[in-house]
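Residue numbers count from 1 along this sequence. Atoms within a ligand are numbered from 1 in the order they appear, just like the ligands themselves.
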Amino acid sequence: MSAYEIVIGLEVHVQLSTQTKIFCGCSTDFGNEPNSQTCPVCLGLPGALPVLNREVVESAIKTGLATHCKIAPRSIFARKNYFYPDLPKGYQISQFELPICEHGYLDIDTEKGGAKRVGLTRIHMEEDAGKLVHGEGVDSSSSFVDLNRACTPLLEVVSEPDMRNSEEAIAYLKKLHQIVVYLGVSDGNMEQGSFRCDANVSVRPVGQKEFGTRTELKNLNSFRFIKQAIEYEAQRQIDLIEDGGTVVQETRLFDPDAGESRSMRGKEEAHDYRYFPDPDLVPLVVNEEWVGQVRDNLPELPEAKIHRYTEKLGLSAYDAEVLSADRATAEFFDACLGLLPNAKLCANWVSGDLAGKLNEEGTSIADSPVTPELLTGMFKRIQDNTISGKIAKTVFEEMWTSGKAADTIIEEKGLEQVSDTGAIEPIIDELITNNAAQVEQFRAGKEKVLGFFVGQVMKATQGKANPGMVNQLLRKKLSE
Ligand code: ADP
Ligand code: MG
Ligand code: ZN
């Protein structure tokens with residue numbers, strides 16, 4: 001048992017997937033020719049004036065509502081002043097004293113089971129900086145500035161220092177990630193930096209009220225690194241204190257290869273940035289009506305889906321979680337359910353055979369050649385006993401490659417289940433005549449032999465015999 005408690009607060013930068021930048025009309029496309037997506041505004045040329053992108057505000061309101069924040073009726077853009085070659089204006093336009101969203105929360109599932117509420121301090125809008133490219137192209141000893149990313153829109157989501165271990169931090173981040181992707185405000189691509197995290201970590205003796213001094217770990221962009229970084233940093237601080245040292249407030253960089261962090265710079269304070277309201281941008285007014293419209297158009301979020309799937313549809317918590325994990329899967333499932341209200345059957349296929357096939361073929365569910373219409377067309381034939389669950393797998397495979405309807409496939413391939421006793425009885429009679437030894441064993445009480453007979457009937461009918469009927473007939477005839 002450790003004598004220390006870890007305290008974690010997270011700042012997440014979410015890159016929004018708007019078509020254009022936050023203060024100009026340049027494209028936000030990723031990976032193009034350096035500086036091909038720039039204009040006087042995002043190059044920071046003197047006299048160029050920023051114009052706020054309405055879509056960015058909508059994204060912020062959506063995210064704020066989905067995380068239970070209050071949406072400010074009036075918020076202010078501020079200049080955060082610092083020098084860096086990728087920041088041509090010499091300041092970043094951000095929000096400081098009056099951000100657009102405040103006082104929210106997320107409920108996370110803890111390792112021990114049960115939920116925990118993590119406070120969300122604020123969400124504000126800001127522009128991203130450009131990118132430095134070191135030692136590429138004509139001169140490997142030079143650095144280059146690419147301003148395509150300059151002025152792309154970000155949301156910064158700041159949590160309260162409410163998390164107490166790395167698992168809680170990851171649960172919080174995964175939940176936030178799922179929400180922004182569900183909302184469609186971000187693609188959430190962590191490798192491309194669309195969702196990146198600064199982790200603030202401190203430790204304190206168990207029972208102490210005051211927080212310890214925090215350090216900030218910058219720009220972590222994978223869940224695994226974040227977990228490693230937090231655990232390493234907490235241990236480093238504990239060791240330091242145990243050795244009689246003190247933690248200094250600073251910004252540190254985690255090196256995933258070395259598995260350790262190192263100091264990057266002393267932590268700057270807000271006043272170092274000389275924040276002041278940006279005189280080029282008027283205060284942003286968001287009225288009740290606008291918030292109401294955005295609220296009315298929010299998609300059903302994972303939490304609500306899980307609740308509906310378990311409470312209304314009677315699915316297991318596990319199934320509900322798998323089906324709601326991403327929005328496209330949940331919408332596919334909901335579409336199936338709308339066509340055929342058999343939740344268990346739809347759930348089994350969507351999270352089972354369909355998910356397996358999509359995975360195998362590397363296809364996303366949005367591009368699935370088997371649509372909800374096709375799939376539920378097949379379910380109807382399972383329900384009315386035209387085909388068995390086993391034959392359904394054959395129909396599904398055929399449906400995947402040909403895109404034909406289940407009825408067509410069943411007809412063309414003659415896959416209809418044989419439920420006609422007149423067709424099955426003669427097969428059973430013949431088996432009984434030819435397998436006297438097995439018949440004896442069954443009569444002597446060896447139940448397992450029944451499986452042998454079922455198998456033989458299925459073989460003789462190419463799997464098309466109605467399994468329930470086969471079992472029933474076999475029992476009757478074997479006992480006669
Ligand atoms: P800054 O811009 O200086 O990093 P912010 O207010 O944007 O300040 O973010 C501070 C973050 O640090 C928040 O997520 C907050 O929860 C967290 N935090 C503050 N104090 C502590 C502490 N003692 N230990 C851990 N995290 C902390
Ligand atoms: Mg910070
Ligand atoms: Zn521009």
Side-chain angles (χ1 to χ4, degrees), residues 4-13 18-29 32 35-45 48-53 78 80 82 88-89 92-97 99 102-106 118-124 126-130 146-166 168-169 172-173 176 197-205 208-220 226 229-230 233-234 237 247-252 264-273 275:
Y4 292 88
E5 181 177 54
I6 305 172
V7 173
I8 304 160
L10 300 170
E11 296 161 75
V12 176
H13 284 94
T18 53
Q19 301 272 308
T20 56
K21 297 184 178 181
I22 181 169
F23 299 120
C24 65
C26 292
S27 165
T28 53
D29 247 16
N32 293 328
N35 299 308
S36 60
Q37 293 154 214
T38 54
C39 73
V41 175
C42 53
L43 290 173
L45 300 188
L49 289 173
V51 178
L52 180 59
N53 182 342
K80 179 179 183 180
Y82 67 93
K89 293 195 297 289
Q92 176 194 26
I93 306 179
S94 180
Q95 295 193 300
F96 184 57
E97 273 167 342
E102 279 185 294
H103 312 303
Y105 65 84
L106 284 182
V118 176
L120 219 145
T121 318
R122 55 190 268 147
I123 302 176
H124 66 251
E126 61 185 25
E127 59 180 343
D128 207 345
D146 176 6
L147 294 174
N148 281 352
R149 200 181 63 187
C151 216
T152 54
L154 300 175
L155 293 183
E156 181 172 334
V157 183
V158 182
S159 87
E160 290 291 305
D162 284 349
M163 289 150 281
R164 294 292 173 267
N165 55 53
S166 59
E168 288 180 6
Y172 166 85
L173 289 169
L176 181 62
C197 169
D198 301 342
N200 295 272
V201 179
S202 66
V203 299
R204 62 181 169 186
Q208 178 182 304
K209 265 231 175 78
E210 304 76 40
F211 287 141
T213 304
R214 70 174 155 130
T215 60
E216 183 180 28
L217 300 152
K218 270 285 181 202
N219 273 333
L220 303 161
I226 296 166
I230 291 172
E233 179 56 17
Q237 292 181 13
V247 177
V248 281
Q249 184 163 330
E250 63 183 354
T251 300
R252 298 177 68 87
M264 195 166 127
R265 56 173 188 253
K267 173 72 190 157
E268 55 293 298
E269 299 287 343
H271 62 248
D272 295 330
Y273 289 115
Y275 279 101

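By the criterion of a heavy-atom distance under 4.0 Å, both the backbone and the side chain of Asn200 are placed next to ligand 1. Contacts with ligand 1 closer than 4.0 Å are made by no heavy atom of Thr121, backbone or side chain.
Ranked by closest heavy atom to atom 13 (C) of ligand 1, the top entry among Ser159, Pro161, Gly212 is Ser159. The heavy atom nearest to atom 18 (N) of ligand 1, out of those in Glu216, Arg214, Met163, Gln249, is found in Arg214.
At a threshold of 4.5 Å between non-hydrogen side-chain atoms, the residues Glu233 and Arg252 count as touching. Residues Ile8 and Pro161 fail the side-chain proximity criterion, which asks for heavy atoms closer than 4.5 Å. The shortest distance between side-chain heavy atoms of Glu11 and Glu156 falls below 4.5 Å.
Closest approach of Val7 to Phe211, counting heavy atoms only: CG1-CE2, 3.7 Å.
By the 30° and 60° cut-offs, the orientation of the rings of Tyr82 relative to Tyr273 is perpendicular.
Ligand 1 places these atoms under 4.0 Å from at least one heavy atom of Val158: 9 (O), 13 (C), 14 (O). Near Glu160, the atoms of ligand 1 lying under 4.0 angstrom from a non-hydrogen atom of the residue are 16 (O). Against a heavy-atom cut-off of under 4.0 Å, Phe211 is close to the following atoms of ligand 1: 23 (N). Below 4.0 Å from some heavy atom of Leu10 lie the following atoms of ligand 1, by number and element: 14 (O). Residue Ser202 has at least one heavy-atom neighbour below 4.0 Å for each of these atoms of ligand 1: 22 (C), 23 (N), 24 (N), 25 (C).
Only protein N, O or S atoms were scored, and 4 of them lie under 2.8 Å from the Zn ion (ligand 3).
Between Arg164 and Glu5, at least one side-chain nitrogen of the basic residue sits less than 4.0 Å from a carboxylate oxygen of the acidic one, meeting the salt-bridge criterion.
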Could you walk me through whether Thr215 and Gln237 pass the side-chain hydrogen bond (donor to acceptor under 3.5 Å, both in side chains) test, one step at a time?
CA-CA 9 Å; Thr215 60; Gln237 292 181 13; 3.1 Å; yes
Give the intermediate values and the outcome of salt bridge (Lys or Arg N to Asp or Glu O under 4.0 Å) for residues Glu160 and Arg122.
CA-CA 9 Å; Glu160 290 291 305; Arg122 55 190 268 147; over 6 Å; no
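Scored by the side-chain hydrogen bond (donor to acceptor under 3.5 Å, both in side chains) test, Glu102 finds no partners at all (sequence neighbours excluded).
A 6.0 Å sphere centred on CD of Gln208 holds more than 12 heavy atoms belonging to other residues, nucleotides or ligands.
For the pair Thr213 and ligand 1, the shortest N or O to N or O distance does not fall below 3.5 Å.
Only one option out of Lys21, Lys89, Gln92 pairs with Glu127 in a side-chain hydrogen bond (donor to acceptor under 3.5 Å, both in side chains); it is Lys89.
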